[in-house]
Protein chains: 2
Amino acid sequence: MARTSSPEGALRTTDAEETRLNILDVATAEFADKGLSGARIDEIAERTNASKRMIYYYFGGKEGLYRAVLERAYTAVREMDADNLRDHLEPDAALRDVVGATFDYHNQHPEFVRLVMNENILRGAHVGEIPGIRERNRKVVEHLRGILARGVTNRQFREGIDPVELHMTISALCFYNVSNRYTFSYGFERDMSSPKALARRRMSVIDVIESWCRR
Amino acid sequence: MARTSSPEGALRTTDAEETRLNILDVATAEFADKGLSGARIDEIAERTNASKRMIYYYFGGKEGLYRAVLERAYTAVREMDADNLRDHLEPDAALRDVVGATFDYHNQHPEFVRLVMNENILRGAHVGEIPGIRERNRKVVEHLRGILARGVTNRQFREGIDPVELHMTISALCFYNVSNRYTFSYGFERDMSSPKALARRRMSVIDVIESWCRR
DNA sequence: TCTTATGAGCGAACCATTTCGTACATTGCT
DNA sequence: AGCAATGTACGAAATGGTTCGCTCATAAGA
């Protein structure tokens, strides 16, 4: 990618790079907000420093832009993993950490959740082409497998829990209260966006997972 | 509603009624497939016995049709509830029944799951106007509250589990493996659509809930 | 019974707008 | 000059929604 000739050299990104990122930011918000078919590239272009012409210039079109957005969102998750999949001494503490971090990440990145929701509406039409997702999932599962194994040796955890099932359970619990906040909680007064309710939910999720794994 | 003069009398619905239902069926499939913004009225009309004109005649427009579809889907869930929220003698058996039935319903009605996903993408813009959802949720929570209370009395269940949290946990686990089947399971070989994997997941979900509630 | 008024049900063509994408001209740097 | 970057304006197709007019069953009145 071309660089400016400014004295900062390679450390400084070009204007073009900044434009790309700006477009990606706006597009992420827009796609997360309305989905692929609901988003309008004219609208994205307007909110951008750049023009519609530039979107086509850089990303080729709506689909290309969408894929770039999805890819970057998944990349961010992987970076989060890298920070949080450290090994702890105690299996139960490690498990709590994974669950808590996953819960927090989903809550702090609803746009990621919404992109994934949309991708599922599209039956995963694009997610397959994004490199790194397989590895990401595999890595998480392997991490959980390790925790479970150490927990069993430790006699903290019971035997027979499948790490894939565990991964799925954790994901489901962390995903749902973000993805379904608008349809859930009709009928009983509980605003899932209140910090108090959120904290309680967080505790519950950790508790559910722990109760399941503990012997 | 007008009836035909056919001998069957009140038992037989009119052609108009049949047309409405036919439109609703097709629209349900279409909205579940592509979401509100992704669905095309012309396409719905084509797959229908009726014409586009009739869709506007009966439902007023795209939004009206969407709302009618959503409403009917939720009505169907309530009917399912009515069948399954019977009281059992043993709290733990009752709990297993609720979880199992919920799991099965979601799996057998992916179109319902997809409609709810889409409604959440739309930030619940229409779900609030549909009567009966509040009551539905309230009824489920009250049922769970009863089970939990009896289980505590019974000394089968531990104290302090909030029925709303329980409802949310069950919903999340049953919803997720349908809603996120396309983005989950990249990286490890597990086809969630295989009967075997599904049965295993079902068992896991019941197990998770039971482990959490049991003292 | 015969006639007519009424309104639900319906088809086909049509309209206005939106929306994705592109052609072309222009700027500015090297 | 020559190439990358970019703004403007436009085209073609898709899309939500409407207009016009026709059929037919039934109810009301003579």
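Naming: A, B, ... by sequence-line order, numbering from 1 per chain.
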Rounded distance (Å) that lies between atom P of D/dC10 and atom CG of A/D42: 15 Å
side-chain hydrogen bond (donor to acceptor under 3.5 Å, both in side chains) assessment of B/N120 paired with A/T183: CA-CA 6 Å; B/N120 277 290; A/T183 55; 2.9 Å; yes
Test: B/E111 and B/R114 ion pair at under 4.0 Å: no
Of B/Y176, B/F184, B/F175, the residue whose pairing with A/F175 passes side-chain contact (heavy atoms from CB on, under 4.5 Å): B/Y176
NZ/NE/NH1/NH2 to OD/OE distance under 4.0 Å, A/D25 and A/R72: yes
SB check B/E63 B/R67 (cutoff 4.0 Å): yes
Rounded distance (Å) that lies between atom C1' of D/dT15 and atom CD1 of B/I41: 9 Å
Of residues 25-33 of chain B, the positions that come close to DNA chain C - non-hydrogen atoms, cut-off under 4.0 Å: none
B/N22 CG - C/dC10 P separation (whole Å): 11 Å
For atom CD of B/E46 and atom P of D/dG16, their distance in whole Å: 13 Å
Sorted by number, the residues of residues 50-65 of chain B with heavy-atom contact under 4.0 Å to DNA chain C: B/S51, B/R53, B/M54, B/Y57, B/Y58
Length of the CD1-P vector between A/I44 and C/dT19, whole Å: 12 Å
Distance-only donor-acceptor check, side chains B/N118 and B/Y66, under 3.5 Å: yes
Sugar-phosphate, base or nothing in reach of B/A45, heavy atoms under 4.0 Å: nothing
SB check A/D81 A/K139 (cutoff 4.0 Å): no
Any A/R40 side-chain N or O less than 4.0 Å from OP1/OP2 of C/dT18: no
Protein-nucleotide distance (B/R20, atom CZ; C/dC10, atom P), rounded to Å: 10 Å
Donor-acceptor side-chain pairing of B/T169 and A/R201 below 3.5 angstrom: yes
Validation: residues 34-45 of chain B side-chain donor-acceptor distances under 3.5 Å, sequence neighbours left out:
residue, atom, partner, partner atom, Å
B/K34, NZ, B/E30, OE2, 3.0
B/K34, NZ, B/E43, OE2, 3.1
B/S37, OG, A/S37, OG, 3.1
B/R40, NH1, B/S37, O, 2.9
B/R40, NH2, B/S37, O, 3.4
B/D42, OD1, B/K52, NZ, 3.4
B/E43, OE2, B/R47, NH2, 2.8

